[in-house]
Amino acid sequence: MRTLSTMKNLPNHVAIIMDGNGRWAEQRGLPRVLGHRAGTRTVRRIVEAVRQAGVRYLTLYTFSVANWERPREEVTGLLDLIGETVRTDGADLLKNGVRVRVVGELEDLPQRVRQPVDWLIQASRHNRDLNLTLALSYGGRHDLCHAARQLAAQVAAGQLLPEEIDEALVRRTLTTADLPDPDLIIRTGGERRLSDFLVFESAYAELYFTDVLWPDVTGADLDVALRDYAGRERRFGKTSEQIQHRPSPTSLSEAA
């Protein structure tokens, strides 16, 4: 069997909605925060599996703007766990060539979380093996509204004409501007929705849903998702015939 790193059609950017931590804990009669703690072990497994597979970009939906509405005890536990995980796993990420970025409203986070996250962002900025992005205090609609306000301010200041605003400019104004659009979005836990994750960037992403709760996800589950993706045909609005008969660069040069 071919290894993932030698497969054709491997996605360049995988984004994951890590769902099911709370239900995993409830099924075991445990506090929900212990489900989130179990989920951090899965993060370690999947980051390493993605890196070994040869995927260049991985984005994890870590804490959404909607998560602020959860019970205070759970929010506090989640935030503390994020800071703790960054501190304990940071050295391994650096050693393995992982570059860490954040999208979302980092300033919304308490200092006990921002400080280790800021440190890891700076310490890993020259790494190139895997680009790991954490979506923290992130919401796709929120990000679009923020971009719209920025563009409106530029128009009001006479720095930009309304007719100059196009998809490319909006894309460059989002907090995800430095990332390629996701090729594959995986959601665990059995739900079948994006939940405000990368709503602009995911226009042509392939979606993969699994019933496996996030703490139970393994490298084998990732393998299944990547192989499923590799078997799909991405048409980007074109017909299947157009994709299959797309001229190669060699034939184009010969025709010229």
Side-chain angles (χ1 to χ4, degrees), residues 9-19 55-69 99-109 113-114 117-118 121-122 124-126 128 130-187 191-209 229 232-240 242-243 246-247 249 252:
N9 302 324
L10 196 67
N12 182 50
H13 182 183
V14 174
I16 304 179
I17 302 171
M18 305 177 293
D19 194 19
V55 174
R56 295 295 308 281
Y57 292 85
L58 173 65
T59 299
L60 302 177
Y61 204 5
T62 307
F63 188 88
S64 74
V65 290
N67 288 155
W68 291 108
E69 302 300 320
R99 180 180 182 179
V100 176
R101 311 180 200 216
V102 168
V103 295
E105 301 299 326
L106 188 56
E107 60 270 20
D108 290 345
L109 302 175
V113 179
R114 286 190 59 182
V117 170
D118 283 337
I121 290 171
Q122 290 301 313
S124 68
R125 66 189 182 278
H126 298 303
R128 293 294 180 268
L130 172 66
N131 293 276
L132 172 62
T133 301
L134 307 178
L136 290 170
S137 193
Y138 173 84
R141 290 180 174 181
H142 183 86
D143 208 20
L144 277 170
C145 289
H146 184 266
R149 286 194 295 270
Q150 285 186 286
L151 295 174
Q154 292 178 40
V155 171
Q159 300 169 347
L160 181 68
L161 295 174
E163 56 267 28
E164 293 177 319
I165 299 175
D166 57 13
E167 290 183 17
L169 182 56
V170 172
R171 185 70 181 84
R172 292 196 300 271
T173 313
L174 298 173
T175 61
T176 57
D178 292 335
L179 303 175
D181 286 347
D183 301 296
L184 172 64
I185 296 181
I186 299 170
R187 180 168 187 151
E191 303 292 353
R192 304 292 196 267
R193 58 179 178 269
L194 291 178
S195 295
D196 201 22
F197 184 48
L198 302 176
V199 293
F200 188 90
E201 302 86 340
S202 65
Y204 283 101
E206 298 295 320
L207 307 180
Y208 180 87
F209 302 104
Y229 171 89
R232 301 188 190 187
E233 180 183 71
R234 304 187 73 197
R235 296 191 293 273
F236 299 97
K238 296 181 175 62
T239 68
S240 180
Q242 285 177 300
I243 297 298
R246 178 185 298 164
L252 285 173

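Between Asn9 and Tyr229, the shortest heavy-atom contact is O-CE2, 2.8 Å. The two residues Ser195 and Tyr61 come nearest to each other via the heavy atoms O-OH, 3.0 Å. Scanning all heavy atoms of the two residues, the minimum distance from Pro180 to Asn12 falls at CG-ND2, 3.7 Å.
Here the side chain of Ser202 pairs no donor or acceptor atom with the backbone of Ala205 at under 3.5 angstrom. For Asp196 (side chain) and Gly140 (main-chain N/O), a donor-acceptor pair under 3.5 Å exists by modelled atom type.
Within the 4.5 Å cutoff, no side-chain heavy atoms of Val65 are placed close to those of Asn67. For the pair Ile16/Ile185, no side-chain contact is recorded, criterion being any heavy-atom separation below 4.5 Å from C-beta on. Contact annotation: the side chain of Arg56 approaches that of Asn131 to within less than 4.5 Å [non-hydrogen atoms, C-beta and beyond]. By the 4.5 Å heavy-atom criterion applied to side chains, Ile165 and Leu160 are counted as neighbours. Proximity of Pro182 to Val14: side-chain heavy atoms (C-beta onward) are nowhere separated by under 4.5 Å.
Atom CZ of Arg141 has 12 or fewer heavy atoms from other residues, nucleotides or ligands within 6.0 Å.
Note that CD of Glu105 and CG of Asp143 are 7.0 Å apart. Values are rounded to the nearest 0.5 Å. To the nearest 0.5 angstrom, Arg149 atom CZ is 13.5 Å from Gln154 atom CD.
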How far apart are the C-alpha atoms of Leu132 and Arg101, what are their side-chain angles, what is the distance that settles it, and do they pass the side chain to side chain contact (heavy atoms under 4.5 Å, CB included) test? CA-CA 6 Å; Leu132 172 62; Arg101 311 180 200 216; over 6 Å; no
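Using a 30° and 60° split on the angle between ring planes, His13 and Tyr57 fall in the tilted class, from 30° to 60°.
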Can you give me every donor-acceptor pair (side chain of residues 166-173, partner residue at least two apart or in another chain, under 3.5 Å) with its distance?
unit_1, atom_1, unit_2, atom_2, d
Asp166, OD1, Ala168, N, 3.3
Asp166, OD1, Leu169, N, 2.9
Arg171, NE, Asp181, OD1, 2.6
Arg171, NH1, Thr176, O, 3.2
Arg171, NH1, Thr176, OG1, 2.9
Arg171, NH2, Leu179, O, 2.9
Arg171, NH2, Asp181, OD1, 2.9
Thr173, OG1, Leu169, O, 2.7

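By the salt bridge (Lys or Arg N to Asp or Glu O under 4.0 Å) test, Asp19 pairs with Arg23, Arg187, sequence neighbours left out.
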